[in-house]
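If you read the sequence from its start, that first residue is 1, and numbering goes on from there. Counting starts at 1 for both ligands and their atoms, in listed order. Scope of the values below: all heavy atoms of this structure, side chains included, with no hydrogens, waters or symmetry mates.
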Amino acid sequence: MSKVVVMDHPLIKHKIGLIRRKTTGTNEFRRIISEIAELICYEATRDLELQDVEIETPITKTVVQELKGRKLCVVPILRAGLGMVDGMLELIPAAKVGHIGLYRDPETLKPVEYYCKLPADVTEREIFVVDPMLATGGSSAAAIQMLKDKGCKHIHFMCIIAAPEGIKAVQEAHPDIDIFIGTVDEKLNENGYIVPGLGDAGDRIFGTK
Ligand code: URA
């Protein structure tokens, strides 16, 4: 059974407060997005399997626990998802990184793939799809579907701020996927921005406008 996990940690709450402020500049915004991704990654990897391994310390032999099973892969949705990659890799440095780029067709309003580059063994990996803002859920659901269509089975989704509409859309499209969320906001506005949100995450990470 899949789950929706909303973070409940003072550091995450504090840091989300900082990136919401319109006075927070690019440098600080980018650094904090990465720090929040690292903290959410800690929670999202809680269920990874462990195995016992015998080792020698400088004093004696002992049994320690090591990660077992599937290797990991982080898949940012371009472009704002890139801001979460470094934070993820701080905790899971051996993970590979795939990229998915989607744009919204102006006529159909549906997400269209323009870029997809994944590790050759991606279907055997435990995948963490990352995008800081879960707004309508259209691109997140489409990215997850692209991975499923390629044969990926072990997929998780992580975001920093989610709108209720986006959570519902991803859950309905992919009831088998765990979703890890920094915080849930009130709603989407008529332009598809999350309210109160933080504006355009991609623009704020990369300093574009
Ligand atoms: N994407 C963003 O970057 N911000 C929003 O509020 C919604 C989608």
- [ ] Answer with side chain, backbone, both or neither: which part of A201 has a heavy atom less than 4.0 angstrom from an atom of ligand 1?
- [x] both
Open item on the list: Would K61 and E56 count as a salt bridge (Lys or Arg N to Asp or Glu O under 4.0 Å) here? Give the steps.
Closed with: CA-CA 4 Å; K61 285 190 176 173; E56 273 183 70; 5.1 Å; no
Task: Residue from V130, V97, L118 passing side chain to side chain contact (heavy atoms under 4.5 Å, CB included) with V75 - done: L118
- [ ] Return yes or no for this condition: an N or O of I194 is under 3.5 Å from an N or O of ligand 1.
- [x] yes
Open item on the list: With a 4.0 Å cut-off on heavy atoms, is A80 in contact with ligand 1?
Closed with: no
Task: Min N/O separation G199 to ligand 1 under 3.5 Å - done: yes
Task: Set of salt bridge (Lys or Arg N to Asp or Glu O under 4.0 Å) partners for K148, sequence neighbours left out - done: D176
- [ ] Could you find the nearest protein heavy atom to atom 1 (N) of ligand 1 and give me its residue, atom name and distance?
- [x] M133 CB, 3.8 Å
Open item on the list: I'd like to check M84 versus P76 (side-chain heavy atoms, cut-off strictly below 4.5 Å). Are they in contact?
Closed with: no
- [ ] Heavy-atom contacts with A135 under 4.0 Å: which atoms of ligand 1 show up? List them by number with element.
- [x] 7 (C), 8 (C)
Counting only pairs under 3.5 Å, give me each side-chain donor-acceptor contact of residues 40-55, with atom names and distances, residues two or more places apart or in other chains.
unit_1	atom_1	unit_2	atom_2	d
E43	OE1	R46	NH2	3.2
E43	OE2	R46	NE	2.8
T45	OG1	C41	O	2.7
T45	OG1	Y42	O	3.2
D47	OD2	K3	NZ	2.7
E49	OE1	K68	NZ	3.4

Task: Matching residue for L198 among L18, I16, D185, I161 - test: side chain to side chain contact (heavy atoms under 4.5 Å, CB included) - done: I161
Task: Atoms in ligand 1 with a heavy atom of G192 nearer than 4.0 Å - done: 7 (C)
